[in-house]
Amino acid sequence: MKTYSISEVAKELNLTVYTLRYYDKEGLMPFVERADSGTRLFKESDIDALKIIECLKSTGMPIKEIKNFIDWCSDGDSTLQQRYDMFMERKASVEAQIEELKKTMELIEHKCSYYKTALDAGTEDIHKNDKIEITN
């Protein structure tokens with residue numbers, strides 16, 4: 001079975017070696033085997049697990065909660081409901097983030113249109129009712 005070094009995994013996942021060592025220290029990688037010398041030996045399944053960890057992290061999930069998920073995975077089928085519930089919560093959280101980003105994008109698109117029109121006209125005066133004054 002092919003194994004990968006920590007630096008190969010870091011490069012593959014666009015992470016630092018330091019980040020992977022931190023994850024290990026925090027108990028997020030109990031599945032990674034070590035050589036007799038202590039060197040971590042990553043398998044393809046370990047890389048897949050790290051991708052899930054990175055996914056959860058990108059949703060804003062704290063490391064402590066990700067650790068709970070890793071523990072649940074180690075506990076087996078008895079924790080399927082907790083894992084399902086956790087992913088449903090993450091899904092709802094990401095959907096809320098997407099809605100907020102859509103609102104942000106609407107405002108940005110409006111301001112792009114505003115400034116494009118002003119640039120084409122050579123003045124903001126055509127937007128007198130839309131202009132926001134910023135004063136110190």
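Fair warning: this is a prediction, and the values are worked out from it, not measured in the lab.
A single hydrophobic cluster is seen to contain both Ile47 and Val32, as judged by linkage of ILVMFWY side chains at heavy-atom distances under 4.5 Å, directly or through other members.
We find that Lys102 and Glu106 are not joined by a salt bridge, their nearest charged nitrogen and carboxylate oxygen being 4.0 Å or further apart.
Residues Val94 and Lys91 form no side-chain contact, since every pair of their non-hydrogen atoms from C-beta on lies 4.5 Å or further apart. Between Met86 and Leu56, some side-chain heavy-atom pair lies under the 4.5 Å cut-off. Residues Tyr115 and Glu124 are in side-chain contact: their nearest non-hydrogen atoms beyond the backbone lie under 4.5 Å apart. Residues Val9 and Met29 have side chains not in contact (no heavy-atom distance under 4.5 Å, counting atoms from C-beta outward). The closest side-chain heavy-atom distance from Ile63 to Tyr23 is below 4.5 Å. In this structure the side chain of Phe87 never reaches within 4.5 angstrom of the side chain of Thr59, judged on heavy atoms. Arg40 places none of its side-chain heavy atoms less than 4.5 Å from the side chain of Tyr4.
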Please tabulate, for the side chains in residues 70-81, all donor-acceptor contacts under 3.5 angstrom to protein atoms that are two or more places apart in sequence or on a different chain.
from: Asp71; atom 1: OD1; to: Lys67; atom 2: NZ; distance (Å): 2.7
from: Asp71; atom 1: OD2; to: Lys67; atom 2: NZ; distance (Å): 3.0
from: Ser74; atom 1: OG; to: Ile70; atom 2: O; distance (Å): 3.3
from: Thr79; atom 1: OG1; to: Trp72; atom 2: O; distance (Å): 2.6
from: Thr79; atom 1: OG1; to: Gly76; atom 2: O; distance (Å): 2.9
from: Thr79; atom 1: OG1; to: Arg83; atom 2: NE; distance (Å): 3.1
from: Thr79; atom 1: OG1; to: Arg83; atom 2: NH2; distance (Å): 3.3
from: Gln81; atom 1: NE2; to: Asp85; atom 2: OD1; distance (Å): 2.8

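A cation-pi arrangement is present between Lys111 and Tyr114 under the rule of less than 6.0 angstrom and at most 45 degrees off the ring axis.
In Lys2, the NZ atom is crowded: over 12 heavy atoms of neighbouring residues, nucleotides or ligands sit closer than 6.0 Å.
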